[in-house]
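Reading through the structure tokens given below for one structure.
Numbered from 1 within each chain, the chains take letters A, B, ... in sequence-line order.
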There are 2 protein chains.
Amino acid sequence: MDVARIAGVSQKTVSRVFNDEPYVSADVRRRVLDAAEQLGYRRNNAARALASGRTRSIGVVTLGTALYGPASLLMGVEKVVRDTGYALRVVNTVEGDPAGIAGAVNSLLDQGVDGIVVSEPIDEPGSISRSVDVPVLVIGAPSPVLSPTVLSAGDGADLMARTATEHLLDLGHVTVHHLAGPQRWFAARDRLAGWRAVLTERGRHLPPVVEGDWSAASGYRAGRELARLPDLTAVFAANDDMAIGLIRALTEAGLRVPQDVSVVGFDDIPVAAYVTPPLTTVRQPFDAVAQEGLKRLVHVIENPDDDPLPASQPPVDLVVRASTGPAPARRHENPAPRGTAPAPPDHTPAPADGGAPAHD
Amino acid sequence: MDVARIAGVSQKTVSRVFNDEPYVSADVRRRVLDAAEQLGYRRNNAARALASGRTRSIGVVTLGTALYGPASLLMGVEKVVRDTGYALRVVNTVEGDPAGIAGAVNSLLDQGVDGIVVSEPIDEPGSISRSVDVPVLVIGAPSPVLSPTVLSAGDGADLMARTATEHLLDLGHVTVHHLAGPQRWFAARDRLAGWRAVLTERGRHLPPVVEGDWSAASGYRAGRELARLPDLTAVFAANDDMAIGLIRALTEAGLRVPQDVSVVGFDDIPVAAYVTPPLTTVRQPFDAVAQEGLKRLVHVIENPDDDPLPASQPPVDLVVRASTGPAPARRHENPAPRGTAPAPPDHTPAPADGGAPAHD
DNA sequence: ATGAAAGCGCTAACAG
DNA sequence: CTGTTAGCGCTTTCAT
């Protein structure tokens with residue numbers, strides 16, 4: 001190593017300097033740093049990885065979509081990974097890819113990573129638990145792989161769904177319909193489960209579930225169906241995009257939101273406060289989830305023998321805007337003609353703020 | 001190497017098998033593969049990289065946002081990188097990070113990559129051209145780094161902006177206002193340039209530019225200002241999120257879209273067809289751009305001596321929906337009271353479809 | 001068609 | 001505080 005020669009020290013000493021190890025005199029450190037600077041020296045990661053057995057990188061398996069949720073999670077993960085000094089390797093799983101999660105995890109293992117993050121995996125039929133030997137953090141799902149250390153994060157979805165449903169019930173709606181996400185996604189299943197639990201607990205009628213694919217287009221299609229239901233007064237949509245498509249379809253069918261039908265979304269995407277009407281929704285704490293999960297993953301990687309750090313539940317954040325309001329007066333017993341505005345019953349509270357965004 | 005021993009061959013032969021090199025008899029190949037399978041052998045990438053000097057990985061520098069544009073680009077890049085057998089390393093540049101692009105590129109170089117993709121860089125003051133020794137693909141901007149081989153892709157923004165502006169002018173609007181993106185972004189500057197060029201060419205008045213930060217919230221704020229302008233009849237917004245916030249503000253101010261003011265967005269985000277009114281916008285060909293750019297980057301990496309593959313311009317895709325319509329009759333000379341519906345002049349074409357999504 | 005020897009650039013383990 | 005000796009698992013180069 002040339003740096004060592006120029007600085008007049010051994011290779012090992014150079015190594016010590018660059019790894020911030022103790023026991024290097026200030027003088028020697030200076031000389032090494034100068035020599036390195038002068039030579040434009042940059043240490044070779046491949047060699048480091050080979051010699052030490054650690055790659056100092058973390059792999060993440062994501063869905064190949066630009067959907068707000070997964071994308072936010074990925075950005076959150078990247079930030080923490082970088083902050084902790086690791087490098088990030090990314091592999092997508094494509095829906096319909098036979099290899100699925102297992103294939104993605106495998107390719108990460110081939111590349112060499114010290115830990116793996118599986119973000120919002122979907123339930124691939126073929127992806128049976130392969131066992132891996134590095135710690136794994138699974139976000140928003142039960143673990144699809146076997147590993148000596150499996151951490152999980154972001155599993156508050158069902159509680160958030162409960163809150164959304166309860167909000168609607170508390171406004172006086174007799175029951176709440178659900179526009180679900182694709183049931184191959186755990187995230188979609190959890191939201192459905194939370195919704196169902198609340199309705200069941202309160203002894204409410206469980207209307208049939210309509211399933212979308214997360215897109216506004218699918219929400220629109222579902223909305224055309226739902227608009228025909230005479231007892232429809234409240235819908236909990238599994239994400240904001242579908243809620244927006246749904247609202248468009250309802251509006252076109254002559255139903256007013258929220259006077260005739262209330263709609264709650266999920267995620268709080270950036271435009272949610274600015275669509276018409278501004279969307280009541282449950283904000284997902286993507287950054288917090290990513291950050292906390294990664295901290296724990298890195299801790300396990302670097303202290304394999306310690307007890308894993310405890311997980312914490314982020315608080316549920318229901319953002320009430322203008323797409324939800326009190327149930328229309330006995331609409332299900334005495335259906336007013338669609339598109340007509342029944343005078344709001346005077347004992348119910350006024351709808352939430354009708355215009356300006358609730359936050360920013 | 002155990003595989004070699006069990007298969008009864010030399011280490012080198014195992015290497016040949018795994019690299020699909022010629023001159024291995026079918027029999028030997030079988031034995032090696034069996035032995036590897038049996039041992040659960042997986043070749044060590046660090047050692048490969050160390051010995052060969054190639055890491056078989058490509059690094060990408062992205063903005064740390066979940067914005068639809070950057071996120072779509074990243075997903076497109078991931079797909080091609082995976083398809084070509086490379087691994088993907090991701091580093092974000094955070095706005096305000098002093099290290100900026102240069103820092104991100106540096107960390108990628110430290111990690112070891114065979115090529116670098118810089119996606120939609122912003123104009124960091126301090127990030128003066130560092131010279132790097134691997135090929136670089138820059139998407140949507142002039143190159144922020146010096147490299148023996150610099151490729152570029154996705155620079156059709158200015159043409160797309162022209163098309164959006166022309167669409168508005170062709171509808172009879174006297175001039176077009178522009179709600180710009182943050183001018184530190186090249187993407188924002190290109191769109192502004194395209195808009196300005198058209199207006200100038202046609203000898204139209206150039207109204208002052210309002211600058212947002214890509215968010216719906218900033219579009220909303222801009223909309224409140226713009227709503228006060230008596231001659232406002234058409235706005236070209238630099239992205240869809242801002243267009244949505246803008247429309248909300250205009251609507252709240254009593255202006256109808258498109259009867260009083262026409263709005264064109266940029267990107268064609270998935271909800272664009274479902275907001276009210278459905279948004280006329282310019283669709284960005286993110287996947288095509290990523291795919292074509294990466295193909296060329298990989299080609300350069302693997303055939304350093306060949307001529308680089310030629311770039312191609314994707315066609316501009318203006319999606320006309322319901323947020324644009326004919327200019328109101330002489331609104332600037334004889335301003336109708338805000339919020340009133342002037343009867344549409346009968347010689348003008350009807351606005352585009354008012355409801356159902358144009359595509360899916 | 002296959003093998004032997006050398007070495008990529010670093011860190012681990014131990015000496016001094 | 002600093003140096004020596006090995007060797008990580010592969011590819012390279014040259015033999016055979």
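With no hydrogens or angles considered, no side-chain donor-acceptor pair links B:N45 and B:R56 at under 3.5 Å. Checking A:S312 against A:E292 by side-chain atom types alone, a donor-acceptor pair falls below 3.5 Å.
Contact detail for B:D287 and B:S72: the closest heavy-atom pair is OD1-O, 4.3 Å. Summarising the geometry of A:P310 relative to A:R296, their closest heavy-atom pair is O-CD, 3.4 Å, with the distance given to 0.1 Å.
Minimum atom distance to the side chain of A:S25 is reached by D:dT2, of the listed D:dC10, C:dG3, D:dT2. Out of C:dA1, C:dT11, D:dC10, the shortest distance to the side chain of B:Y23 is found at C:dA1. For B:V24, counting side-chain heavy atoms from C-beta on, the closest listed nucleotide (D:dT11, C:dC10, C:dT2) is C:dT2.
In terms of position along DNA chain D, the nucleotide closest to A:R16 lies nearer the 5' end than the nucleotide closest to the other residue of the pair A:R16 and B:R16.
For the OP1/OP2 pair of C:dT11 and a distance below 4.0 Å, the side-chain nitrogens and oxygens of A:N19 include at least one atom meeting the criterion. Considering only side-chain N and O atoms, B:T13 lies under 4.0 angstrom from the phosphate OP1 or OP2 of C:dG3. Contact annotation: A:S10 does not reach the phosphate of D:dT4 (side-chain N/O to OP1 or OP2, under 4.0 Å). Proximity of A:R48 to the phosphate of C:dT11: a side-chain N or O atom is located under 4.0 Å from OP1 or OP2.
Distance B:F18 CZ to D:dT11 C1': 15 Å, rounded to the nearest Å. Rounding to whole angstrom units, OH of residue A:Y41 and C1' of C:dG9 are separated by 7 Å. In this structure, NZ of A:K12 is placed 17 Å from P of D:dG7, rounded to the nearest angstrom. Between the CD atom of B:E21 and the P atom of D:dT13 there is a distance of 12 Å, given to the nearest Å. Distance CG (B:L50) to C1' (C:dC8): 4 Å, rounded to an integer number of Å. Rounding to whole angstrom units, CD of residue A:Q111 and P of D:dG9 are separated by 19 Å. Look at CD on B:Q11: it is 12 Å from C1' on D:dT12, rounded to the nearest Å. Protein atom CZ of A:R56 is 12 Å distant from nucleotide atom P of C:dC10, rounded to whole Å.
The backbone N or O of A:T55 sits less than 3.5 Å from a side-chain atom of A:D114, completing a donor-acceptor pair.
For a distance-only test at 3.5 Å, the side chain of A:R42 fails to qualify as a donor-acceptor partner of the base of C:dG9.
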